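Input: a single structure, listed below in C-alpha cells.
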Amino acid sequence: MKKNIAILGSTGSIGTQALQVIENHPDLFRLQIITAGSNAELLIRQAIQFRPGHVVIADEQKYYQVSESLSKYDISVHAGQDAIEHIVENDSIDLVLTAMVGFSGLKPTLSAIRSGKNIALANKETLVVAGNLIKQLSSAYKIKIYPVDSEHSAIFQCIVGEELNPIEKIYLTASGGPFRGRTKEFLKRVTSKEALKHPNWFMGNKITIDSATLMNKGLEVIEAKWLFNLHPDQIDVIVHPQSIIHSIVQFEDGSMKAQMGLPDMKLPIQYALGFPERIKSDFPRFRFTDYPNLTFEAPDLKNFRNLALAYNTLEKGGNSPCILNAANEIAVDAFLTGQIGFLDISDIIEKALDTGYFIEKPDYDDLIQTDMETRKIAAQLVAGYNQ
Ligand code: NDP
Ligand code: MG
C-alpha cells in the first residue's frame with residue numbers, strides 16, 4: 001500500500017528534498033497535494049512532474065498563472081491561505097508534511113490534525129506557539145506526529161523500542177552557526193549576507209538566521225518539550241560544530257544513545273515519511289577517518305542571548321513562547337531587509353516579552369491575538385531603529 005502524502009511548502013528547502021525522497025520511491029509514496037506561498041514557477045514544474053491531485057498557491061494573484069499552466073492536466077488548482085487549511089482535510093491523504101515556515105503553518109496543521117491525518121512535522125514554530133493545543137488535539141484525534149527536525153528525529157530514533165524506559169535527559173546538538181566563538185563587537189557589525197552562510201546545512205533564509213542567532217536551538221528546546229513530554233531541566237544543548245551527532249538521549253541507568261550520520265535532511269525526512277520502516281538509501285555514508293575529531297562545547301549564552309530567552313519562555317509557559325516566536329519572525333525579517341543589526345534581534349525579542357500581555361492558559365483565539373499584538377509591538381520597535 002502506497003502512503004498518500006501532502007506537502008505544505010513543497011517549494012522550500014524541506015519541501016524540495018521531500019520531493020526527491022518521493023521521486024526515489026514511487027513504489028512507497030504517492031504525492032497527492034503540494035502547496036506554495038508565491039513561487040508559482042516551481043510549483044507548476046513540480047505539479048507537471050509529480051501530477052498530484054491538487055495544488056495550492058497561497059498568493060491569490062498567482063492563481064491565473066498556475067491554473068492556465070496546468071489546464072491540460074487532471075490537477076485541481078486552488079489559491080489563498082484558507083485553501084491550504086481546507087485542502088489538508090482531503091480524504092486522499094494519509095500523511096501531511098508541514099514544511100511551511102513560521103506561524104503561517106499553524107492553521108493548516110491544526111486543520112490536518114482535526115481531520116485525523118498523521119503529521120510529519122518540520123514547521124517547528126507551530127509547536128513553539130501552540131504546543132499544548134497540538135498535544136491535546138493529537139491525542140483527542142489519535143494522530144501521530146513524526147519529527148522531521150534532525151535533532152528531534154535523532155531523539156525519536158533513539159527511543160524506538162524504549163517505550164517503557166523513561167528519558168532522564170536529552171542533549172540537543174547545535175552546530176553553533178557561522179559566528180560561533182565571535183565577540184559582541186564582531187556580532188554588532190555582521191551583515192545578513194554573512195549570516196546566511198551556514199557551515200553545515202543549506203536551508204531557507206529564516207531558519208538560517210535563526211541558526212546564526214541560536215534562536216533555532218531555542219525553538220528546538222521548546223519543540224522537544226512538547227514532542228517528548230519533558231521538563232525544561234531535562235533538555236540540554238551542546239555545541240557540536242561538525243553536526244555528525246544529531247542528538248543524544250540519556251536514560252535512567254546513565255546509558256546514552258546518540259544518532260549520527262552526515263548532515264543531510266533527506267534522511268530525517270525519509271525516516272518520518274517511511275516510519276516505521278527504514279528505507280534503503282544511497283545517501284553518502286559517514287567515514288570515521290574523515291572526522292578524526294568530534295568536538296563539544298557549552299553554548300555561549302552571553303553573546304547569543306536568544307537561547308537564554310527561549311529557555312525563559314519555556315519556564316514561564318503560557319503564551320510567552322508565542323510572543324517569543326512572533327517577535328523573532330518580525331526581527332529576523334527586519335534584519336534580512338537591513339533595517340536592524342544582528343544584536344538588535346535579541347533586544348527586540350526581549351522588549352516584546354517585557355511588553356506583551358501574559359496569558360497563563362491561552363486558548364486558540366488568545367494565541368492568534370498574541371501573535372497579532374506582538375507583531376505590532378515588534379514592528380514599532382523596529383521602526384524605532386530607523387529614526
Ligand atoms: P523555506 O523558506 O525554504 O520554505 C518555506 C516553504 O513554505 C516554501 O514552500 C514557501 O513557499 C512556503 N511558504 C512560506 N510562507 C508561506 C505562507 N505564508 N503561506 C503558504 N506557504 C508559505 O523554509 P525551509 O524549508 O527551510 O523550512 C520550513 C520549515 O521547516 C521551517 O519551519 C523550518 O524551521 C523547518 N526546518 C527546516 C530545516 C531545513 O533544513 N531547511 C531543518 C529543520 C526544520 P514559496 O517558496 O512560494 O515562498
Ligand atoms: Mg534542527
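Indexing begins at 1, ligand by ligand and atom by atom, following the structure's order. Everything numeric in this text was worked out from a predicted model, so none of it was measured. Numbering of residues begins at 1 and proceeds along the displayed sequence.
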How far is [atom] from its nearest protein heavy atom, and which residue and atom name does that atom have?
atom	result
atom 14 (C) of ligand 1	Val101 CG1, 3.7 Å
atom 43 (C) of ligand 1	Asp149 OD1, 3.1 Å
atom 34 (O) of ligand 1	Lys124 CE, 3.3 Å
atom 6 (C) of ligand 1	Ala99 O, 3.5 Å
atom 4 (O) of ligand 1	Gly12 CA, 3.1 Å
atom 33 (C) of ligand 1	Ile207 CD1, 3.9 Å

Ligand 1 to [X] polar contact by distance, N or O atoms, under 3.5 Å:
X	result
Gly15	no
Gly204	yes
Ser13	yes

Checking side-chain polar atoms at under 3.5 Å, does [X] have a donor or acceptor matched by the opposite partner on [Y]?
X	Y	value
Asn200	Ser175	no
Thr337	Gln339	yes
Ser153	Gln157	yes
Asp253	Ser255	no
Gln32	Asn4	yes
Asn39	Thr11	no
Ser71	Glu68	no
Asn216	Lys124	yes
Gln242	Thr295	yes

Provide the number and element of each atom of ligand 1 under 4.0 Å from a heavy atom of [X].
X	result
Gln81	17 (C), 18 (N), 19 (N)
Ala58	19 (N), 20 (C)
Ile84	20 (C)
Asn39	46 (O), 47 (O)
Ser104	16 (C), 17 (C), 18 (N)
Glu125	31 (C), 32 (O), 34 (O)
Asn123	32 (O)
Ser38	45 (P), 47 (O)

Around Arg285, counting heavy atoms of other residues, nucleotides and ligands shown, do more than 12 lie under 6.0 Å from its CZ?
yes

Got a second to check how far Phe335's CZ is from Leu343's CG, nearest 0.5 Å?
9.5 Å

With rounding to the nearest 0.5 angstrom, report the CG to CD1 distance, Leu309 to Ile323.
12.0 Å

Hey, which of Asp363, Thr370, Thr313 is the one that makes side-chain hydrogen bond (donor to acceptor under 3.5 Å, both in side chains) with Asn319?
Thr370

Please report the number of protein N, O or S atoms that lie less than 2.8 Å from the Mg ion (ligand 2).
3

Could you work out, for [atom], the closest of [options] by heavy-atom distance?
atom	options	answer
atom 22 (C) of ligand 1	Ala18, Gly37, Ser10, Ser153	Gly37
atom 9 (O) of ligand 1	Asp264, Thr11, Leu42	Thr11
atom 27 (O) of ligand 1	Asp59, Ile14, Leu121	Ile14

Any idea which part of Ala122 is under 4.0 Å from ligand 1, heavy-atom wise: side chain, backbone, both or neither?
both

Is it true that Met100 lies under 4.0 Å from ligand 1, counting heavy atoms only?
yes

If you measure from each heavy atom of Thr126 to ligand 1, is any distance below 4.0 Å?
no

Decide, yes or no, whether a salt bridge links Arg375 with Asp371 under the criterion of side-chain N to carboxylate O below 4.0 Å.
yes

Could you tell me whether Lys361 and Asp366 make a salt bridge, using a distance below 4.0 angstrom between a side-chain N and a carboxylate O?
no

Does Leu31 offer a backbone N or O that forms a donor-acceptor pair with the side chain of Lys2 under 3.5 Å?
no

Please identify which of these residues, Leu214, Asp210, Val129, Leu307, meets the side chain to side chain contact (heavy atoms under 4.5 Å, CB included) condition with Leu219.
Asp210

